[in-house]
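Worth knowing before you read on, the calculation uses all heavy atoms, side chains too, and leaves out hydrogens, waters and symmetry mates. Proteins come first, then strands; the chains are lettered A, B, ... in the order of their sequence lines, and each starts at number 1.
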Number of protein chains: 2
Amino acid sequence: MKKTVFIFTTLIIALLVLFQLSKFSVMQGNSSLEFSIAAVAVIFLFVGIYINKQREAKNNTSTSNTNTEKQTVDYTQIETLGLSKREYEVLCKLAQGHTNKEIASLLFISESTIKTHVSNLYVKLDVKRRTQAIQKAKELQILPIS
Amino acid sequence: MKKTVFIFTTLIIALLVLFQLSKFSVMQGNSSLEFSIAAVAVIFLFVGIYINKQREAKNNTSTSNTNTEKQTVDYTQIETLGLSKREYEVLCKLAQGHTNKEIASLLFISESTIKTHVSNLYVKLDVKRRTQAIQKAKELQILPIS
DNA sequence: TCATGACTCATACGAAAGTACCAATTTCAT
DNA sequence: ATGAAATTGGTACTTTCGTATGAGTCATGA
């Protein structure tokens with residue numbers, strides 16, 4: 001739906017422009033004007049293609065050069081962040097895909113406490129959601145296993 | 001197809017009528033000429049981007065395995081899991097820590113659709129939550145960056 | 001002793017996520 | 001052209017998450 005809307009909107013705008021141009025050419029009798037417009041159109045057509053291609057290339061390089069082989073926990077990072085022992089435990093369980101309730105069971109404490117720890121974690125990791133917390137933790141290499 | 005074509009055909013006809021009407025209006029001035037040229041440039045810029053995007057999309061489905069460069073993404077896994085192109089896109093955004101609403105904005109579709117895709121992803125990945133989906137996707141090495 | 005930080009727990013509320021239906025439209029290969 | 005698969009979108013509902021706020025317990029070092 002969105003695609004067709006976009007296509008037709010583009011077509012309509014193009015038509016409008018063409019109408020305007022034809023009006024000018026009729027009024028001014030400038031025959032080379034259409035050629036200029038066509039040239040501009042073609043040029044920017046390729047500019048558009050080029051820009052998009054650049055973007056694609058950038059995505060490819062950024063996704064291929066981030067290989068980490070070592071799987072060691074960076075304890076320095078944990079200290080720098082100021083994560084307490086309990087908070088770190090919660091973070092690990094969280095990154096394993098557990099719900100707050102499950103983590104509570106695993107650590108034998110209440111879900112409320114987990115929520116407190118998780119909220120504090122978000123502040124220290126500077127994130128807003130648990131999915132972002134996982135991302136951040138992976139980046140900082142403070143998670144065991146992977 | 002029927003509806004959108006009808007709507008936009010109507011719009012185009014309306015534009016034609018407007019154009020006919022504008023024929024009688026006398027508008028002179030070189031300032032709007034430059035504006036028109038700029039408009040053409042911008043339009044075809046986006047048309048170029050769009051065309052290139054279409055081509056990329058088609059290449060992705062057919063020649064995804066012909067890429068011999070170092071790839072962190074296991075496309076075989078994706079096929080084995082039966083993930084569609086759109087579902088995979090959603091999965092990537094999801095793994096980046098975006099909310100459903102954010103993903104909807106990024107892909108220009110509604111949050112409902114995202115929920116549908118995400119639910120289908122859970123079935124195919126055999127998980128129950130998005131945090132688990134991230135875990136599973138990392139294990140299967142189907143995420144870029146990783 | 002006492003201040004402090006870590007840990008614990010609770011309530012209440014809003015936001016986000018997830019499920020279970022349904023249905024229209026689009027794409028694509030045969 | 002046609003049918004299957006994919007994509008999109010909706011409603012209604014439940015669950016989980018996240019925030020804000022307050023407070024009690026406990027160990028420890030100054």
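For B:Ser119, a side-chain nitrogen or oxygen approaches OP1 or OP2 of C:dT19 to under 4.0 Å. Between A:Thr113 and C:dC9, a side-chain N or O to OP1/OP2 separation shorter than 4.0 Å is present. Applying the 4.0 Å criterion to OP1 and OP2 of C:dA6, one finds that A:His117 has every side-chain N and O outside that range. OP1 or OP2 of C:dA16 has at least one side-chain nitrogen or oxygen of B:Lys101 nearer than 4.0 Å. Remark: B:Arg129 is not in phosphate contact with C:dG18, judged by side-chain N or O atoms under 4.0 Å from OP1 or OP2. For C:dC7, one of the phosphate oxygens OP1 or OP2 lies less than 4.0 angstrom from a side-chain nitrogen or oxygen of A:Ser84. One finds a side-chain N or O of B:Arg130 lying less than 4.0 angstrom from the OP1 or OP2 phosphate oxygen of C:dA17.
For B:Lys136 (side chain) and B:Leu125 (main-chain N/O), a donor-acceptor pair under 3.5 Å exists by modelled atom type. Not one N or O on the side chain of A:Tyr122 forms a donor-acceptor pair closer than 3.5 Å with the backbone of A:His117.
At a threshold of 4.0 Å, the pair B:Lys93-B:Glu102 does not count as salt-bridged, since none of the basic side-chain nitrogens sits closer than that to a carboxylate oxygen.
Checking A:Thr116 against A:Thr99, the closest nucleotide of DNA chain D that is more toward the 5' end is the one next to A:Thr99. Sequence order on DNA chain D of the closest nucleotides to A:Val127 and B:Arg86 puts B:Arg86 first from the 5' end.
Checking C:dA17, C:dC7, D:dT8 against every side-chain atom of B:Asn100, the shortest atom distance belongs to C:dA17. Counting only heavy atoms from C-beta on, B:Lys115 has its side chain closest to C:dG18 among C:dG18, C:dC9, D:dG18. The listed nucleotides are D:dG9, C:dC9, D:dG18; the one nearest the side chain of B:Ser110 is D:dG9. In the set C:dA17, C:dT11, D:dC17, C:dT11 carries the atom at the smallest distance from any side-chain atom of A:Ser112.
As rounded to whole Å, 15 Å separates atom P of C:dC9 from atom CG of A:Asn120. Straight-line distance from the CD atom of B:Glu111 to the P atom of D:dA12: 16 Å, rounded to whole Å. Per the geometry, CG belonging to B:Leu91 stands 13 Å off P belonging to D:dT7, to the nearest Å. Atom-to-atom, CD of A:Gln132 to C1' of D:dC17 comes out at 13 Å; the value is rounded to the nearest Å. Rounded to an integer number of Å, the gap from NE2 of A:His98 to P of C:dA17 is 20 Å. One atom, NZ of B:Lys128, and another, C1' of C:dA20, lie 13 Å apart when rounded to the nearest Å. Rounded to whole angstrom, the span from the OH atom of A:Tyr122 across to the P atom of D:dA20 amounts to 13 Å. Put simply, CG on A:Leu121 is 11 Å from P on C:dC7, counting in whole angstrom units.
Put simply, CG on A:Leu83 and CD on A:Glu89 are 12.0 Å apart, with the number rounded to the nearest 0.5 Å.
Here the shortest heavy-atom pairing between A:Ala104 and A:Ser110 reads CB-C, 3.7 Å.
Residues B:Leu143 and B:Tyr75 fall within the same hydrophobic cluster, defined by Ile, Leu, Val, Met, Phe, Trp and Tyr side chains chained together at heavy-atom separations under 4.5 Å.
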